[in-house]
Colleague: 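Here's a structure for you.
Only this structure's heavy atoms are used, side chains among them; waters, hydrogens and symmetry mates stay out. Letters A, B, ... mirror the listed sequences (proteins, then strands); counts begin at 1.
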Amino acid sequence: MSYNPNEIEAKWQKKWDKEKAFEARESKGKKKYYVLEMFPYPSGKLHMGHVRNYSIGDATARFKRMQGFNVLYPMGYDALGLPAENAAIKNKRNPKEWTWEKIEEMKKQQEMLGFSYDWTRMVATCDESYYHWNQWFFLQLLKKKLAYKGKAKSNWCASCGTVLANEQVEDGNCWRCHNPVAEKEFEQWFLKITDYADELLKDLDKLKDWPQRVKTMQKNWIGRSEGVEVYFKEKDSGKVIPTFTTRPDTLFGVTFVVFAPEHPLVTEFVKGTELEADVKKFIEEVKGQSLIDRLAEGKEKRGIFLGKYAINPVNGEVVPIFAADFAVLEYGTGMVMCVPTHDQRDFEFAEKYELQKRIVIQPKDKALDAFAMEKAYVEEGVLVESGEFNGLKNTEAIKKISKWIEKKKIGKRTVNYKLRDWLISRQRYWGTPIPIIYCEKCGMVPVPEKDLPVKLPANAPFTGEGNPLDKVSAFVNVTCPKCGEKARRETDTMDTFVDSSWYFLRFCSPGDKKAMFDKKKASYWMPVDQYIGGIEHAIMHLLYARFFTKALRDIGMIKFDEPFTRLLTQGMVLKDGEVMSKSKGNVVDPTVISNSFGADTARTFIISVALPTKELEWSDKGAEATFKFLRRVYEFVDSNKSMFGKGKIDKKRLSSADRLLLSKANRTILQVTKQMAGFEFNFALSEITRLFSAVQKAENADKNVLDFATRSLVQLLAPFAPHLCEELWQKLGEKGFVSLSNWPKGNEKDIDRKAEQAEEFLDGIVEDVRHIKELAKIEKPQKIVLFTAPAWKWMAIPIAAKACEKRPDIGAVLKALMQNGEMRKYGKEVQGFVKALVPRLVLLKEAEKIDEIVVLKEAHPLLEKIFGCSIEIESADKSTHPKSRNAMPLKPAIFME
RNA sequence: GCAGGGAUAGGGAAGCGGUCAAACCCGCAGGCCUUAGGAGCCUGUCGCUUAGUGCGUUCGGGGGUUCGAAUCCUCCUCCCUGCACCA
């Protein structure tokens with residue numbers, strides 16, 4: 001029988017399902033392990049990134065299961081969001097129907113690939129029973145004052161009367177009607193993530209098993225900065241202008257002040273002056289740009305003078321006030337004190353508008369000249385022209401000036417975060433309705449918990465204009481829960497990031513009707529032990545999920561601080577150096593691979609190409625090689641069934657070839673186990689491949705050894721190619737699932753690395769057998785020590801010489817060789833010489849001419865072992881080494897007692 | 001623009017101070033096996049050279065540190081990811 005993946009895969013998928021092989025149950029006696037992949041948006045089609053993500057996750061889940069953990073490995077769908085609504089507008093489809101159809105399509109593909117999910121725990125966020133708890137949690141946050149209403153700007157298309165997502169703005173225009181998009185301010189809902197800014201930052205330290213880069217990104221995103229608020233004053237009115245700065249050391253160099261254009265004071269300042277019209281025009285221009293446009297790349301800084309002046313409280317200087325687009329209302333106070341000599345943005349602005357510059361920090365080694373500068377000087381230095389602070393190092397000055405400002409009451413120390421509160425309002429249909437009712441009498445009234453969930457109405461009109469929910473009167477017009485009078489329902493829905501910020505908890509008790517999740521079950525399974533997903537979620541999703549976890553802890557639902565113990569961010573799947581995307585037309589459909597070669601090949605291949613964390617460049621050709629490998633494994637086991645023994649291995653009676661195979665099997669097991677734990681899946685596969693070649697080559701091997709090697713191989717391969725391995729496991733006479741078998745144990749004692757290495761050498765020189773005779777003329781020594789690769793090439797000779805002195809029996813050979821003239825030179829040549837020598841000696845051994853070969857990989861630790869003495873090598877590092885440039889240190893310090 | 005990550009042989013991808021002309025996979029070339037092979041096995045695959053070997057030039061580009069750099073530092077170029085121009 002030849003390898004038929006389709007048949008095998010269907011067979012085992014059915015069996016797993018029938019015997020509920022992967023259903024997870026809480027069990028106190030067993031150690032739990034929660035493996036989770038970032039759940040997908042159900043687009044209906046799996047792409048390579050998904051397959052990669054799930055292949056990594058499934059391998060992990062299966063490995064942990066085999067290691068005896070009680071594994072929870074669920075799958076769900078992040079099913080609310082824009083695409084369903086777009087489909088509704090475009091194809092006149094009902095978003096709910098459309099979404100469920102896509103979920104089914106997606107699930108089917110996942111099942112075909114044989115991932116070991118516990119499907120009984122499937123969750124879809126568009127399910128009322130799921131978003132019910134979004135609403136419930138929102139109400140809890142409201143109670144805690146962690147949800148509030150505030151003003152926020154959105155992209156607004158006037159002609160469609162619709163709020164647009166960033167994605168729906170194309171070059172500043174509406175994607176539907178192509179009219180320009182503006183910003184418009186609305187009352188919208190926020191979650192107060194900033195209350196947790198400090199904790200979110202601090203707890204990053206607890207996340208020992210997160211990639212450093214993700215932590216760095218989050219840290220920068222939270223952006224805690226300590227600084228001071230300095231109170232400038234407007235010259236005429238005396239109005240206080242608080243500006244935030246992290247560089248109080250530059251305060252004496254302020255030459256102008258800048259306001260965010262939207263700042264209310266801007267219009268106030270120019271009211272009734274001749275500048276009013278121009279300033280208004282400027283503000284409109286800035287506002288007229290969509291958010292996207294304003295952030296566009298390479299934009300020149302623009303501003304306008306407001307005709308007013310501010311007094312610098314530290315030195316009484318009077319400086320002009322501008323409105324400028326590079327000041328952001330939401331950060332700090334929206335007002336910035338500008339020091340063009342020591343801040344690059346300020347510098348560019350000053351250059352453009354020909355404003356004054358004054359240097360207040362001088363570097364040690366050179367003197368800056370304000371007129372000659374080509375960019376701002378932002379490094380360290382010593383203060384000048386700064387009154388009583390002259391001569392201080394600027395790092396010192398920051399502390400001293402901050403204190404001084406507080407003392408003089410012209411400002412105060414503050415902490416600022418880049419992190420802003422989370423705007424969750426979306427003016428769209430396909431999201432969780434925000435459970436709020438507005439009553440004319442009672443004002444804003446939360447929907448009582450007993451009335452949850454607030455369900456999405458089934459029959460909303462999808463025209464692409466406005467929010468469909470606004471048009472469903474049965475949804476909008478309600479009675480006030482408090483007074484019973486007529487009232488209006490909130491029609492904003494929630495950002496879908498809300499759904500994805502706690503779904504991992506829902507998996508612990510997916511059907512729960514009474515609560516967001518079962519506290520006991522959650523406390524058993526959580527936190528997630530291994531989370532796996534794309535680097536593109538490094539900030540937002542992961543930060544929101546961390547925030548929710550902390551908020552849930554504070555309302556008593558859970559008792560831990562962080563949701564994900566370990567995080568693996570998988571690399572992107574690229575094609576021709578670019579991300580696969582429809583617009584680029586370079587999408588490779590993973591089902592094509594699985595249809596022609598089977599799921600096992602698709603999964604094993606994608607795992608074998610690159611380290612999970614690295615980018616993966618897709619190539620169609622490689623899959624075939626993986627298929628061939630799997631087929632060879634199949635055929636080998638299938639055709640050799642009768643050759644496998646069942647008995648115990650009798651180590652005393654093994655031939656050297658058998659011992660070698662046993663050694664390889666054991667070493668591979670240990671190696672692969674280590675690599676699995678470290679997510680070095682591609683290396684693990686390459687080890688498995690090597691073991692297979694050894695197994696395949698082992699003719700006339702001891703049946704029991706062969707059986708052990710083969711059996712182990714099947715188990716090691718099972719996390720990657722589970723269907724094939726189940727089939728082989730059965731062929732090997734096993735009754736249960738290999739997926740639930742015990743991970744093989746390697747025995748360190750059975751490993752003979754030296755023998756293996758010797759064999760590796762031998763492998764490479766089959767062609768040279770004819771030289772044996774020639775070489776065999778050398779007399780039989782007792783022992784040979786080889787220095788194949790001394791850690792320090794130039795030490796090879798001295799070490800060898802010392803060795804000769806200590807052990808004449810070894811030395812004899814080396815001496816002879818040196819006298820032979822071949823070891824005259826230092827460095828590379830020694831290696832070359834040794835390389836040439838090794839194969840010959842191996843062959844000699846095969847010919848029984850010598851007793852033993854010791855191959856030294858690192859010269860000195862092994863020397864220690866052999867001679868039983870300590871060898872110190874004074875390493876040639878900077879501290880100990882003479883400065884001499886060209887002189888090679890020919891006298892390495894080797895001390896042998 | 002800000003923040004984070006990359007660039008290694010024909011392609012992909014390891015290596016991250018001396019064991020590196022650089023694992024592994026694909027491609028390509030030769031041999032074996034075969035009626036045949038798009039199957040399998042073996043060998044070779046930077047250039048020149050050898051019986052073994054040796055020599056020369058390489059790890060995006062320039063500079064630097066070191067006895068020694070693909071590996072560390074610095075500048076530059078290009079690519080990817082996220083974004084809220086964050087003072």
Colleague: Just jot down the salt bridge (Lys or Arg N to Asp or Glu O under 4.0 Å) partners of A:Glu687, sequence neighbours excluded, or say none.
Modeller: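 Salt bridge (Lys or Arg N to Asp or Glu O under 4.0 Å) check on A:Glu687 returns A:Arg667.
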Colleague: Between B:rA7 and B:rU58, how far apart are the two C1' atoms, rounded to whole Å?
Modeller: 15 Å
Colleague: Scan A:Leu685 against the nucleic acid and name what it touches under 4.0 Å (heavy atoms): base, sugar-phosphate only, or nothing.
Modeller: nothing
Colleague: Checking base pairs now: Watson-Crick or wobble, both atom distances under 3.5 Å. What partners B:rU77?
Modeller: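 The base-pairing partner of B:rU77, which may sit in any strand shown, is B:rA7.
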Colleague: Can you tell me the base-pairing partner of B:rG1? Count Watson-Crick or G-U wobble geometry only, both distances below 3.5 Å, and say none if there is no partner.
Modeller: B:rC83
Colleague: Round to a whole Å and report the spacing from CG of A:Leu611 to C1' of B:rG6.
Modeller: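 It works out to 14 Å between those atoms.
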Colleague: Hey, can you pull the residues of residues 222-231 of chain A with a non-hydrogen atom under 4.0 angstrom from RNA chain B?
Modeller: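 Output list: empty, so none.
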Colleague: For atom C1', what is the distance between B:rU34 and B:rG40, given to the nearest Å?
Modeller: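 Approximately 10 Å lies between the C1' atom of B:rU34 and that of B:rG40.
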Colleague: I'd like the C1' distance from B:rG37 over to B:rG5, given in whole Å.
Modeller: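 Going atom to atom, C1' in each nucleotide, I get 46 Å.
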Colleague: Centres of the A:Phe190 and A:Trp422 rings: under 6.0 Å?
Modeller: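 Between A:Trp422 and A:Phe190, which both carry aromatic rings, the centre distance is not below 6.0 Å.
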Colleague: Starting from P on B:rC86, measure out to OH on A:Tyr417 and report it in whole angstrom.
Modeller: 19 Å
Colleague: When the P atoms of B:rG4 and B:rA9 are considered, how many whole Å apart are they?
Modeller: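 My reading of the P atoms in B:rG4 and B:rA9 gives 27 Å.
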Colleague: Kindly say whether the aromatic ring centers of A:Phe679 and A:Phe681 come within a distance under 6.0 Å.
Modeller: yes
Colleague: Across the strands shown, which category fits A:Ala625 at heavy-atom distances under 4.0 angstrom: base, sugar-phosphate, nothing?
Modeller: sugar-phosphate
Colleague: Please classify the nucleic acid contact of A:Phe244 as base, sugar-phosphate, or nothing, using heavy-atom distances under 4.0 Å.
Modeller: base
Colleague: In whole Å, I'd like the distance from the NZ atom of A:Lys418 to the P atom of B:rC83.
Modeller: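 Going from NZ in A:Lys418 over to P in B:rC83 covers 16 Å.
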Colleague: Partner of B:rU57 by Watson-Crick or G-U wobble geometry, both contacts under 3.5 Å, or none?
Modeller: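 Base partner found: none.
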Colleague: Look at all strands and tell whether A:Ser608 reaches a base, only sugar-phosphate, or nothing, counting heavy atoms closer than 4.0 Å.
Modeller: nothing
Colleague: For B:rA13, does either OP1 or OP2 sit under 4.0 Å from a side-chain N or O belonging to A:Lys614?
Modeller: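 No, A:Lys614 has no side-chain N/O under 4.0 Å of OP1/OP2 on B:rA13.
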Colleague: Could you check A:Asp346 against A:Ile539 and say which one's nearest nucleotide on RNA chain B is further toward the 5' end?
Modeller: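 With A:Asp346 and A:Ile539 compared, the 5'-side residue is A:Ile539.
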Colleague: Mind checking who B:rC41 pairs with, Watson-Crick or G-U wobble, both distances under 3.5 Å?
Modeller: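 When the pairing criteria are applied, B:rG31 turns out to be the nucleotide that pairs with B:rC41.
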Colleague: In whole angstrom, give the distance that lies between atom CG of A:Leu419 and atom C1' of B:rG82.
Modeller: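 The answer, rounded to whole Å, is 15 Å.
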Colleague: Measuring from the side chain of A:Val609 (C-beta onward, heavy atoms only), which nucleotide among B:rA87, B:rG12, B:rC83 has the closest atom?
Modeller: B:rG12
Colleague: CZ of A:Phe597 versus P of B:rC26: gap in Å, rounded?
Modeller: 12 Å
Colleague: Given the C1' atoms of B:rC59 and B:rG1, what is the spacing between them in whole Å?
Modeller: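 Those two atoms are separated by 32 Å.
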Colleague: Of the nucleotides B:rA14, B:rG5, B:rA84, which one has an atom closest to the side chain of A:Trp221?
Modeller: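 Among the listed nucleotides, the one closest to the side chain of A:Trp221 is B:rA84.
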Colleague: Considering only atom P, compute the distance from B:rA69 to B:rG62 and round it to an integer number of Å.
Modeller: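 These two P atoms come out 15 Å apart once rounded.
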Colleague: Whole angstroms only, please: what is the CZ-C1' distance between A:Arg690 and B:rC41?
Modeller: 18 Å
Colleague: Report yes or no: does A:Ser693 contribute a side-chain atom to a donor-acceptor pair with the main-chain N or O of A:Thr689 at less than 3.5 Å?
Modeller: yes
Colleague: Which listed nucleotide (B:rG5, B:rG82, B:rG40) is nearest to the side chain of A:Lys628?
Modeller: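 Among B:rG5, B:rG82, B:rG40, the one nearest the side chain of A:Lys628 is B:rG40.
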Colleague: Roughly how far, to the nearest 0.5 Å, is CD1 of A:Ile193 from CG of A:Leu543?
Modeller: 4.5 Å
Colleague: Which nucleotide, in any strand shown, forms a Watson-Crick or G-U wobble pair with B:rU19, with both distances under 3.5 Å?
Modeller: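 Matched B:rU19 with nothing under the 3.5 Å cut-off.
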Colleague: Starting from C1' on B:rA39, measure out to CD on A:Glu635 and report it in whole angstrom.
Modeller: 9 Å
Colleague: Between B:rU57 and B:rA22, how far is it from one C1' atom to the other, in whole Å?
Modeller: 15 Å
Colleague: Could you give the CG-to-P distance, from A:Leu201 to B:rA3, as a whole number of Å?
Modeller: 17 Å
Colleague: Taking all non-hydrogen atoms of both residues, which atom of A:Ser402 and which atom of A:Val228 are closest, and how far apart?
Modeller: OG-CG1, 3.6 Å
Colleague: Can you check whether A:Val254's main-chain N or O pairs, donor with acceptor, with A:Asn312's side chain at less than 3.5 Å?
Modeller: no
Colleague: Name the closest nucleotide to the A:Phe683 side chain, picking from B:rA23, B:rG40, B:rA87.
Modeller: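 Looking only at heavy atoms from C-beta outward on A:Phe683, the closest nucleotide is B:rA23.
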Colleague: What about the rings of A:Phe627 and A:Phe605, do their centers lie closer together than 6.0 Å?
Modeller: no
Colleague: I'd like to know if A:Arg426 and A:Asp495 make a salt bridge, using a cut-off of under 4.0 Å between side-chain N and carboxylate O.
Modeller: yes
Colleague: So, is A:Asn220 near the phosphate of B:rG4, with a side-chain N or O under 4.0 Å from OP1 or OP2?
Modeller: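 For A:Asn220, the contact criterion (side-chain N or O under 4.0 Å from OP1 or OP2 of B:rG4) is met.
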Colleague: Reckon A:Val336 touches a base, only the sugar-phosphate, or nothing at all at heavy-atom distances under 4.0 Å?
Modeller: base
Colleague: Between A:Asp421 and A:Thr626, which is nearer to the 5' end of RNA chain B once each is assigned its nearest nucleotide?
Modeller: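 Upstream on the strand: A:Thr626.
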Colleague: Between B:rC48 and B:rU53, how far apart are the two C1' atoms, rounded to whole Å?
Modeller: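 After rounding to an integer number of Å, I get 14 Å for this pair.
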Colleague: Applying salt bridge (Lys or Arg N to Asp or Glu O under 4.0 Å), name anything that partners A:Asp249, two or more places apart in sequence or on another chain.
Modeller: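 Checked A:Asp249 against salt bridge (Lys or Arg N to Asp or Glu O under 4.0 Å); matches are A:Arg247.
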